[in-house]
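Quick notes on the structure that follows.
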Amino acid sequence: MRLIFMLLLIVAGGQVFAAAMPSKAADEVRPLLEGMTVPDVVVSDTDGAPFSLKALLMQKPSVVLFYRGGWCPYCNRQLAGLKDIEKPLSDLGYQILAISPQSLEQLTSQKLESEFAARLLSDAKLNALNAFGISYYVDDETAKRYKGHGIALTTDETGKPVLPAPAVFIVDTEGKIQFSYVNPDYKVRPSPALILAAAEAIAR
């Protein structure tokens, strides 16, 4: 079941974007909605090369997954589940992009530990998380608990730790969102079957 969120809109040059800053909490995120266009932001791959996310999206229809990090078991389970639908998605012409706020070093380590169907991308500067409207500030108590487990969260320019509400977007080659699933409860993720069904419906 998809959750519908209230969206704070900013109109700039005729284009509508979500507010480009983290929300106060996960249940207050303001994600981009279906029919909206993805802003052009810079991300990095595991080789450390920065590039335009929009340019990458123009290459193929894309399943864009935002996840918290390789330290999150729910995220790893979701990424592993994509292996079950990798071939049918590929046959439909889709690429799978998985974006997290992890540093390049953390991302490279994750790449070495496991093989994922997705292309892993680093958004350590929070460009994509903010642009898609799914970033939120982690409260002090939660951040302290994560730190106690050896988990280093990415911080913004204010020094506050930020995470994404786990999300899945299906984006066409024009950068327009055709499907979105955003849930502030990090334990709840869409099934691979649901993602594939949405991709198939869009491809028709």
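For the single chain, residues carry numbers from 1 onward in sequence order. These numbers were taken from a predicted model, which means no experiment stands behind them.
Note on Tyr137: it clusters hydrophobically with Leu153, by side-chain heavy-atom contacts below 4.5 Å among ILVMFWY residues. Linking Ile, Leu, Val, Met, Phe, Trp and Tyr whenever their side-chain heavy atoms come within less than 4.5 Å leaves Val42 and Phe66 in two separate clusters.
In this structure, the side chain of Asp45 engages the main chain of Gly48 through a donor-acceptor pair within 3.5 Å. Judged by distance alone, with hydrogens and angles left aside, the side-chain atoms of Gln102 form a donor-acceptor pair with the main-chain N or O of Gly70 at under 3.5 Å.
Of all heavy-atom pairs between Thr154 and Ala124, the closest is CG2-O, 3.2 Å. Shortest non-hydrogen contact noted between Ser44 and Pro50 is OG-CA, 3.9 Å. The minimum heavy-atom distance linking Ser103 with Ser122 is given by the pair C-OG, 4.0 Å. Val182 and Ala167 get closest at one heavy-atom pair: CG2-CB, 3.7 Å. Here the closest non-hydrogen pair linking Arg68 and Pro166 is CD-CG, 4.1 Å. Contact detail for Pro161 and Ala143: the closest heavy-atom pair is CG-CB, 3.8 Å.
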Check against salt bridge (Lys or Arg N to Asp or Glu O under 4.0 Å), Asp91 and Lys87: CA-CA 6 Å; Asp91 290 344; Lys87 186 179 187 308; 3.0 Å; yes
Audit row: Tyr181, Ile195, side-chain contact (heavy atoms from CB on, under 4.5 Å) steps and yes/no: CA-CA 9 Å; Tyr181 183 111; Ile195 296 172; over 6 Å; no
Test log, rule side-chain contact (heavy atoms from CB on, under 4.5 Å), inputs Phe51 and Val43: CA-CA 6 Å; Phe51 56 87; Val43 294; 3.8 Å; yes
Evaluation steps, side-chain contact (heavy atoms from CB on, under 4.5 Å), between Arg189 and Tyr74: CA-CA 8 Å; Arg189 309 296 175 95; Tyr74 299 94; 3.7 Å; yes
Trace of the side-chain contact (heavy atoms from CB on, under 4.5 Å) decision for Val41 with Asp123: CA-CA 10 Å; Val41 295; Asp123 186 34; 6.0 Å; no
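In this structure Asp172 satisfies the salt bridge (charged side-chain N to carboxylate O under 4.0 Å, His left out) test with no other residue, sequence neighbours excluded. Remark: Tyr146 engages Trp71 in a ring pair (Phe, Tyr, Trp, His ring centres under 6.0 Å) (not counting sequence neighbours).
Here the side chains of Leu194 and Val168 are not in contact, with every heavy-atom distance at 4.5 Å or above. Contact check for Pro101 versus Leu129: side-chain heavy atoms found under the 4.5 Å cut-off. Considering only heavy atoms from C-beta on, Leu32 comes within 4.5 Å of Pro39 through its side chain. Counting only heavy atoms from C-beta outward, the side chains of Pro190 and Gln78 approach each other to under 4.5 Å.
In summary, of the residues considered (Leu97, Ile177, Val38), a side-chain contact (heavy atoms from CB on, under 4.5 Å) with Phe169 occurs for Ile177 alone. For the side-chain contact (heavy atoms from CB on, under 4.5 Å) with Asn130, the lone residue among Pro164, Ser23, Pro22 that qualifies is Pro22.
Counting non-hydrogen atoms of other residues, nucleotides and ligands closer than 6.0 Å to CD of Glu174 gives a total of 12 or fewer. Atom NZ of Lys54 sits in a crowded spot, with more than 12 heavy atoms from other residues, nucleotides or ligands closer than 6.0 Å.
If you take CG on Asp185 and CG on Asp27, they are separated by 10.5 Å, rounding to the nearest 0.5 Å. For the atom pair Met36 CE and Phe132 CZ, the distance stands at 10.5 Å (nearest 0.5 Å). With rounding to the nearest 0.5 Å, the separation of CG in Asp140 from NZ in Lys147 is 11.5 Å. If you take CG on Leu56 and CG on Leu121, they are separated by 6.5 Å, rounding to the nearest 0.5 Å. Of the inter-residue distances, the one linking Leu92 atom CG with Arg204 atom CZ reads 9.5 Å to the nearest 0.5 angstrom. Interatomic distance, CD1 of Ile151 versus CD of Gln106, reported as 10.0 Å (0.5 Å rounding).
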Throw together a table of side-chain donor-acceptor distances under 3.5 angstrom for residues 57-64, partners on residues two or more places apart or in other chains.
from  : atom 1 : to    : atom 2 : distance (Å)
Ser62 : OG     : Lys60 : O      : 3.0
Ser62 : OG     : Gln95 : NE2    : 2.9

